[in-house]
Structure formats: structure tokens, C-alpha cells
Amino acid sequence: MPELPEVEVTRRGIAPGLVGRRIDAVAVREPRLRWPIPPGLARTLTGTTVRRVDRRGKYLLLDCAGTGRAGWLILHLGMSGSLRFVAPGTPPAKHEHFDLQAGGAVLRLTDPRRFGAVLWHPAADGPPSDHPLLAGLGVEPFAPEFSAQRLFEATRGRTASVKQTLLAGAIVVGVGNIYASESLFRARIHPGTAAGRVSLARYARLVPEIRAVLAEAIDKGGSTLRDFRTSDGPGYFQLDYRVYDRAGLPCRVCGTPIRRIVQGQRSTFYCPRCQR
DNA sequence: CAATTTACCTGGGTGC
DNA sequence: TGCACCCAGGTAAATT
């Protein structure tokens, strides 16, 4: 599943092939994603030039501008989406729903479960941060604004578990299901603890661990990164998980069997001895 | 009213 | 071979 690290690796992978290039053609083969791909998108995009490729949370933002048109193409990979470049004329396989042809390269979106999104945010509607899907997002985990103090203050009075609170993305983005379990393990915090009852000192342990685990995953993705021009995209890399998906296996620190619990219909993994 | 919980979208994989 | 069922993440809707 593409989480923030995969999306960031994708951003780095596709940006060189897009920035400064003119969009020559757009193909929409299957508009039924999480939300419909806007009907006029091909007409809007064709002829614009990609100025930047940014990321906000798990959203990719392509800054596109041309004569009389400007805005951002918003891409989300959902839980099964990926992007890669293919040679022009490559016949689309099943689940390959969307193409962006720019300067001889074709960026192709594959998404079997169609939980992803391709949306357009006109510049006239303000910056992308004004878009309803982006407006409520928390801070970026690598931004200086993300601090133990901020986490502490934002969670006072909250009764929801610290794991679910991180996952919700309203305080900090990018801590998906895998990285929530992993970072809480590294910080030795029990995932079931009410967010409002976690001390400032514990959040001071957690913040650097969140950054470390995300940075590690990005590095790993960068190092295993395939050629976005010819091959099949970022190929989801796996961190050497310490607790995630390790139910029943011995904790790498103390040997106690890792437990799996369900919080908000989602799996959480933790070590009952190391995390309290 | 804000916080919290539940439902839903889809299709690959699994087990019978 | 077919089919019921589970699971995944992010958002909307429902509920507290």
C-alpha cells in the first residue's frame, strides 16, 4: 500500500520526466475511481506545462499552467495505485486507467481497486491547500512545525487511542497503518493508550521515531527504486518491520510474541512487554 | 458542537 | 471450478 514514503519516492521518480514538459495528450480509460475523473480533464490539461511536482500528505500535486488555464492535478494512489512511465503506444493492460503524455513519455496510472483519485483544482479556487480533501490535513512530519509540544497540545483531552489519533492524519500526515505501529514500538508506547494521556516526554520520544521510520522507508524506496522510465514503478519496498505483520513472532528486542489487536477495524501490532 | 465510531468503496487472495 | 469471506486505507456519514 502506498503510504507517504512510497508517494514521496514516486514523486521523486516522476518529477524529472514531467517538470518543464508540455502535456500533449491525456487518456481516461476508466473514470470511476474513488471519485469520478472530471469529464473535461483531458481538454483542461492538454497544452499546459507541468511546472512542479509536489506532495502533500499522500497527495501528489502537479502544478500545470498554460494559456488561460492554470491549476493543480491532484493524484492519490489509494491503496493499490502506482504510477510509471511507459513508451508511447504501449497497449494498456487491465486496471491501467489513466495516461498523461508529456514530451514523449507517458505517465500511466494503474489502480486495481480504484481507491485512488485524479482530480483538478483550478488556480482560481486558491492554492491546493484550499481543496476540501487537503484543507483538514495535519502538518508534514518533516516540517519543523511537527513537534512533541504540538502533538502534546493537540491531543489534550482526547480519549481516542494514540495509534488511531496518529492514523487519522488531522495532527500529522503520513503516519499510516504500518508506520503507526512501527513508530510506537520504537518509542515504546502502547498503541491503546489514550492520546490525551500520553506525556510530553513520551511524545518527545515518538516524534523523532516517526521521522526516522519514514525517512528509512523513503531511503529504502530510493535505493530499490526501479527505472520509472522503463520498468514497473516503485515496486513497493518493505521496511524490515519490527512489529507490523509479525503477530506471534518474537519481538526483535525482548523475544515476547508480538500481538495483533484491532483498533477501528484496523490491525495494530505491538510488543506487550516493550510497549507500556 | 466536536470528537469518536461505523460504513463503505473494490478486487486479490484464501479456504472450503 | 466456484463461491463466500476476509482484508486493506481514507473518506463520508452516523452517532455519541
Side-chain angles (χ1 to χ4, degrees), chain A residues 1-10 29-37 55-61 74-83 92-98 109-119 121 128-141 151-184 191-198 210 213-214 217 232-239 241 243-248 260-269:
Chain A
M1 288 124 270
E3 296 213 26
L4 184 142
E6 289 87 339
V7 177
E8 175 60 20
V9 168
T10 298
R29 284 178 293 272
E30 174 53 89
R32 294 174 303 165
L33 303 186
R34 181 72 166 78
W35 297 277
I37 298 178
R55 180 190 56 73
R56 178 72 177 98
K58 299 181 190 176
Y59 292 90
L60 289 167
L61 306 171
I74 302 176
L75 301 175
H76 196 287
L77 300 177
M79 47 191 281
S80 62
S82 64
L83 289 164
K94 198 179 179 183
H95 304 313
E96 299 190 336
H97 309 309
F98 177 80
L109 172 72
T110 307
D111 186 3
R113 295 190 186 163
R114 298 195 278 113
F115 281 21
V118 177
L119 300 167
H121 181 75
S129 56
D130 286 352
H131 190 282
L133 290 171
L134 279 68
L137 296 182
V139 297
E140 287 290 325
L151 204 40
F152 181 75
E153 286 172 11
T155 52
R156 288 313 89 185
R158 299 291 196 91
T159 59
S161 72
V162 60
K163 192 265 189 167
Q164 289 177 278
T165 303
L166 289 172
L167 200 56
I171 300 173
V172 58
V173 296
V175 187
N177 204 43
I178 295 170
Y179 302 112
S181 283
E182 291 296 311
S183 58
L184 286 167
T193 311
R197 297 195 174 278
V198 176
I210 287 173
V213 75
L214 291 174
D232 44 2
Y236 298 124
F237 44 93
Q238 288 190 353
L239 220 49
Y241 300 141
V243 288
Y244 186 79
D245 208 18
R246 285 179 50 80
R260 172 187 181 270
I261 57 173
V262 175
Q263 297 179 290
Q265 3 249 41
R266 262 167 199 68
S267 297
T268 303
F269 301 87

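Everything numeric here is computed off the predicted structure, so don't read it as measured data. Letters A, B, ... are given to chains in the order of the sequence lines, protein chains preceding strands, and every chain is numbered from 1.
- The number of heavy-atom neighbours closer than 6.0 Å to CZ of A/Arg156, taken from other residues, nucleotides and ligands shown, is above 12.
- Rounded to an integer number of Å, the gap from A/Arg32 CZ to B/dC9 P is 13 Å.
- One interatomic measurement links the two molecules: OH of A/Tyr179 to P of C/dG9, which rounds to 11 Å at whole-angstrom precision.
- With B/dG12, C/dG9, B/dA3 as the choices, the nucleotide that has an atom nearest any side-chain atom of A/Arg158 turns out to be B/dA3.
- The CG atom of A/Leu137 sits 5.0 Å away from atom CZ of A/Arg56, with the distance rounded to the nearest 0.5 Å.
- In the set B/dT10, C/dC7, B/dT4, C/dC7 carries the atom at the smallest distance from any side-chain atom of A/Arg260.
- Of the residues in residues 131-140 of chain A, not one comes within less than 4.0 Å of DNA chain B through any heavy atom.
- Side chain of A/Glu3, nearest nucleotide from C/dG9, C/dA8, B/dG11: C/dG9.
- Atom CD of A/Gln263 is separated from atom CD1 of A/Ile261 by 4.0 Å, given to the nearest 0.5 angstrom.
- Distance check: A/Glu30 CD to A/Lys94 NZ gives 12.0 Å after rounding to the nearest 0.5 Å.
- Rounded to whole Å, the distance from NE2 on A/His95 to C1' on B/dG12 is 9 Å.
- For A/Arg114 and B/dG11, the shortest distance from a side-chain N or O to OP1 or OP2 is below 4.0 Å.
- The CH2 atom of A/Trp35 sits 11.0 Å away from atom CZ of A/Phe115, with the distance rounded to the nearest 0.5 Å.
- The nearest heavy atom of DNA chain B to A/Lys94 and to A/Thr159 marks one nucleotide each, and the one closer to the 5' end goes with A/Thr159.
- In this structure, the CZ atom of A/Arg113 is 13 Å from the P atom of C/dC7, given to the nearest Å.
- Here B/dT6 is the nucleotide among B/dT6, B/dT4, C/dG9 with the atom lying nearest to any side-chain atom of A/Gln265.
- Taking only side-chain atoms of A/Asn177, from C-beta outward, the nucleotide of C/dG9, B/dT4, B/dT10 with the closest atom is C/dG9.
- Summarising the geometry, atom CG belonging to A/Asp130 is positioned 5.5 Å from atom NE2 belonging to A/His121; distances are rounded to the nearest 0.5 Å.
- For C/dG9, the base has a donor-acceptor partner in the side chain of A/Arg266 [N/O atoms by modelled type, under 3.5 angstrom].
- A straight line from CD of A/Glu30 to C1' of B/dG11 spans 13 Å, rounded to a whole angstrom.
- Counting to the nearest Å, the P atom of B/dG11 and the CE atom of A/Met79 are 12 Å from each other.
- Applying the 6.0 Å contact sphere to CZ of A/Arg29 captures more than 12 heavy atoms from other residues, nucleotides or ligands.
- When the P atom of C/dG9 is taken as reference, atom CG of A/Leu166 falls 15 Å away, rounded to whole Å.
- Listed nucleotides B/dG12, C/dG9, B/dT4 differ in distance to A/Ala160; the shortest reach to its side chain belongs to B/dT4.
- With rounding to the nearest 0.5 angstrom, the OG atom of A/Ser129 is 7.5 Å from the CG atom of A/Leu134.
- Distance A/Gln164 CD to B/dT4 P: 10 Å, rounded to the nearest Å.
- You'll find that the side chain of A/Trp35 is closest to C/dA12, out of C/dA8, B/dT5, C/dA12.
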